[in-house]
2 protein chains.
Amino acid sequence: MRSFGNLEAAIMDRLWTWDRPATVREVVDDIARERDIAYTTVMTVMDILFRKGWLTREKDGRAWRYCPTAGREEYTAGLMRDALGESRDRAAALQHFVERMSDEEAEALRTALQRIGGVPGAAADASGPADAAAPR
Amino acid sequence: MRSFGNLEAAIMDRLWTWDRPATVREVVDDIARERDIAYTTVMTVMDILFRKGWLTREKDGRAWRYCPTAGREEYTAGLMRDALGESRDRAAALQHFVERMSDEEAEALRTALQRIGGVPGAAADASGPADAAAPR
DNA sequence: CTACCCCTACGATGGAGCTTCGTAGCAAGG
DNA sequence: CCTTGCTACGAAGCTCCATCGTAGGGGTAG
């Protein structure tokens, strides 16, 4: 997974926000409103992101149109998973993690957990999209 | 800011595993069992980790003894926090995150959530953001 | 058909951070 | 006094990311 550099992040950010296939030209023009940047710089980096698998692309006339392979939130979740994976005592790591969470985050986390599987002790788990229905 | 290089990770890993103040000599000798490494290389990196705040140290005779300022799991939790913080829709990110979790992890997460504020509606009373720096 | 413009491909340069180690110096023990 | 072990300082080297220039190709307007 690994994280992005500055320019890489700026590019991904735009593609994620726009949520549609975009050309190098569009990205360049948008970044250029904040700072000077050469067309080829952005093109090079987008090509690197493509080759590293973060973007897909398809021809649109002469230009390529790029799309992120993963959504912003998927990417975030991937980073979190990477981080967690490096720990030995995952339960302890998760404990530390939730301890510093805001109330809203904790609430969102509870909701997310309820959606993927029944609450321990409760019998009802047939609601919601059946995605991970693995019994313990 | 976050995340370590290879050598840095190897050093932190040993300090975390040993869970006691260790000298450069001890770390060097342990790493040297796997690959060639100069004493000064390890010393330099440990000094950098110290200056960056990842390690504390105290004199023990002629040598310094180093200790991590945060435990492995605290560090992991910090990485996860960093990752989550960059997302816009945190609820969605958390949803993606838990969806790919193993059953054991989900269970550990539920337990952790219960511990910080088991009852819905009740806010977790996080007392003091105490950064642990105590060697055990 | 020709000139122009836009886009791609490729490669070169530079900087930041991590890694690597050598040399010089100091302090303790024999 | 000499050996041993540790520290301090700093010089390279390496790997990525960032930055851009130049060369080239294919539409499009005259």
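Letters go in sequence order (proteins before strands), and every chain restarts at 1.
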Considering only side-chain heavy atoms of [X], which listed nucleotide, [options], is closest?
X	options	answer
Ile48(B)	dT19(C), dT8(C), dA18(D)	dT19(C)
Glu8(B)	dC18(C), dT19(D), dC7(C)	dC18(C)
Arg25(A)	dT20(C), dT19(D), dC7(C)	dC7(C)

Quick test: give all pairs of protein nitrogen or oxygen and nucleotides 20-27 of chain D nitrogen or oxygen below 3.5 Å, distance rounded to 0.1 Å.
residue, atom, partner, partner atom, Å
dC20(D), OP2, Ala38(A), N, 2.9
dC20(D), OP2, Thr41(A), OG1, 3.3
dC20(D), N4, Thr44(A), OG1, 2.6
dG21(D), N7, Thr40(A), OG1, 3.3

With the 4.5 Å side-chain cut-off for hydrophobic clustering, are Tyr66(A) and Trp16(A) part of the same group? yes
Rounding to 0.5 Å, atoms CD (Glu73(B)) and CZ (Arg88(A)) come to a distance of 9.0 Å
Side chain to side chain donor-acceptor pair (under 3.5 Å) with Arg65(A): of Thr23(A), Thr56(A), Asp60(A), only one passes, and it is Asp60(A)
Under 4.0 angstrom, heavy atoms only, what part of the nucleic acid is Asp47(B) near: base, sugar-phosphate, or nothing? nothing
Once you round it to whole Å, what is the distance between [atom2] of [N] and [atom1] of [X]?
X	N	atom1	atom2	result
Met12(A)	dA18(D)	CE	P	13 Å
Trp54(B)	dG17(C)	CH2	P	15 Å
Trp64(A)	dC7(C)	CH2	C1'	12 Å
Arg51(B)	dA8(D)	CZ	P	9 Å
Glu58(A)	dC7(C)	CD	P	17 Å
Asn6(B)	dC14(D)	CG	P	16 Å
Leu49(B)	dT20(C)	CG	C1'	15 Å
Ile11(A)	dT19(D)	CD1	C1'	12 Å

[X] side-chain N/O to [N] phosphate OP1/OP2 under 4.0 Å:
X	N	result
Lys52(B)	dC18(C)	yes
Arg35(A)	dT19(D)	yes
Arg57(B)	dT7(D)	no

Between Arg72(B) and Thr17(B), is any side-chain donor less than 3.5 angstrom from a side-chain acceptor? yes
Can you tell me which residue among Val24(B), Val28(B), Asn6(B), Val27(B) is in a side-chain contact (heavy atoms from CB on, under 4.5 Å) with Ile11(B)? Val27(B)
Any carboxylate oxygen within less than 4.0 angstrom of a Lys/Arg side-chain nitrogen, looking at Asp47(A) and Arg51(A)? yes
Trp54(A) ring center within less than 6.0 Å of Tyr75(A) ring center: yes
